[in-house]
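Below is one structure, written out as structure tokens, with a few remarks after it.
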Amino acid sequence: MHSKASLGLKISAAVGLLFLHAPLAFVILYAFTTEERNYQFPPPGLTLKWFGVAWSRPDVWNALTLSFQVAAVATLIALILGTLAAGALARTRFFGREVISLLIILPIALPGIITGIALRSAFNLMDVPFSFWTIVVGHATFCVVVVHNNAVARLRRMSPSIVEASYDLGADSFQTFRYVILPNLSTALLAGAMLAFALSFDEVIVTTFTAGQQSTLPIWMLNELVRPRQRPVTNVVAVIVIVLTFLPILAAYYLTREEASASSRP
């Protein structure tokens, strides 16, 4: 039997949600302001002008394209490495297993500035020039963790007898993975990939240390904030980032929620 929440708890929850989401409302509001230099409240007027300005600026498109490409490649790498690591760690026991698990999740547990400095130092020691691929490697370090955690959780809930039955029926390792393991992992991997893409798309700190002269969309936004003119363009781009990251996170939430409800049913 579920008890009703007290009035104080409801008010506290409402205040907490307001505190978290009010800044997003202001970002969206100032994307429509007619004032281009300062953030007056209330705005002196509303306009769609800045959406057209942002659409016509090639630097916005270049940064957006780079962010998409980096996020897509980093997510693909994370899907492959995260799934393989999960398969190796979830079903087998060996000396050093817990240490390897800790090393895999360490990049997302450490502050981003530590990961960024470590990667920059490694690239400098190996004389690797900063490029698209150095950004991808930096993003893949924490994207792998997201996919790995989702895959491990699903593999631990999956009965080992399913795999054993597949082998008993004559299937080889590849067939077992394709027709038994992968269908059971599909929603977990999809949710992990969406979360990894969203994390990569709006990553700032690690990108700062691995991008060199390149500018992803978050880096472009930071650079634009110091300019005294056309500040609403930055808010327009921020609205785009909110939408592009909110959608995969929302989809991942519903995928994992449906899976959790299905597994809790008798």
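Side-chain heavy atoms closer than 4.5 Å link hydrophobic residues (I, L, V, M, F, W, Y) into clusters, and following such links, even through other members, never connects Leu125 to Leu119. Both Phe51 and Trp61 sit in one connected hydrophobic cluster of ILVMFWY residues. Membership requires side-chain heavy atoms under 4.5 Å apart, directly or through other members. Following chains of ILVMFWY side-chain contacts shorter than 4.5 Å, one cannot reach Ile240 starting from Leu66, and the two form parts of different hydrophobic clusters. Cluster membership for Leu81 and Val70, using ILVMFWY side-chain heavy atoms within less than 4.5 angstrom, is shared. Ile80 and Ile77 sit in two unconnected hydrophobic clusters of ILVMFWY residues. Membership requires side-chain heavy atoms under 4.5 Å apart, directly or through other members.
The shortest heavy-atom contact between Ala140 and Ala74 is N-CB, 4.1 Å. Here the closest non-hydrogen pair linking Val73 and Val136 is CG1-CG1, 3.7 Å. Taking both residues in full, the closest heavy atoms of Ser56 and Pro58 are given as O-CD, 3.4 Å, listed atom of the first, atom of the second, then distance. Minimum heavy-atom separation, Val147 to Ala196: CG2-CB, 4.5 Å. Across Val236 and Ala54, no two heavy atoms sit closer than the pair CG1-CB, 3.8 Å. In terms of heavy-atom proximity, Cys143 sits nearest to Ser200 at SG-CB, 3.9 Å.
Taking the side chain as every heavy atom from C-beta outward, Ile117 and Ile113 approach each other to under 4.5 Å. Here the side chains of Thr115 and Phe142 are not in contact, with every heavy-atom distance at 4.5 Å or above.
Atom CG of Leu199 and atom CE of Met194 lie 13.5 Å apart (nearest 0.5 Å). Rounding to the nearest 0.5 angstrom, the gap separating the OG1 atom in Thr216 from the CG atom in Asn62 is 12.5 Å. The distance from atom CZ of Phe123 to atom OG1 of Thr210, rounded to the nearest 0.5 Å, is 6.5 Å. Between Leu195 atom CG and Asn150 atom CG the span is 6.5 Å, to the nearest 0.5 Å.
Formation of a donor-acceptor pair under 3.5 Å by the Gln69 side chain with backbone atoms of Ala71 is not found in this model. Side-chain atoms of Ser67 never come within 3.5 Å of backbone atoms of Leu64 as a donor-acceptor pair (strictly under, hydrogens ignored). Not a single donor-acceptor pair under 3.5 Å links the side chain of Thr234 to the backbone N or O of Met221.
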What's the verdict on side chain to side chain donor-acceptor pair (under 3.5 Å) for Asp59 and Trp220, showing C-alpha distance, side-chain angles and the deciding distance? CA-CA 8 Å; Asp59 55 336; Trp220 177 91; 3.0 Å; yes

Can you list the steps and then say if Arg120 with Asn124 is a side-chain contact (heavy atoms from CB on, under 4.5 Å)? CA-CA 6 Å; Arg120 190 177 184 90; Asn124 286 334; 3.9 Å; yes

Would you sort out whether Trp55 and Val60 count as a side-chain contact (heavy atoms from CB on, under 4.5 Å), showing the intermediate values? CA-CA 8 Å; Trp55 181 272; Val60 174; over 6 Å; no

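Leu222 shares a hydrophobic cluster with Val204, Ile219; the chain of contacts runs through ILVMFWY side chains whose heavy atoms sit under 4.5 Å apart.
Residues meeting the ring-ring contact (aromatic ring centres under 6.0 Å, His included) test with Phe132, sequence neighbours left out: none. Applying the side chain to side chain donor-acceptor pair (under 3.5 Å) rule to Thr207 yields the partners His139; only residues at least two apart in sequence or on another chain are considered.
Annotation: Phe68 is in aromatic contact with Phe197 [ring centroid separation under 6.0 Å].
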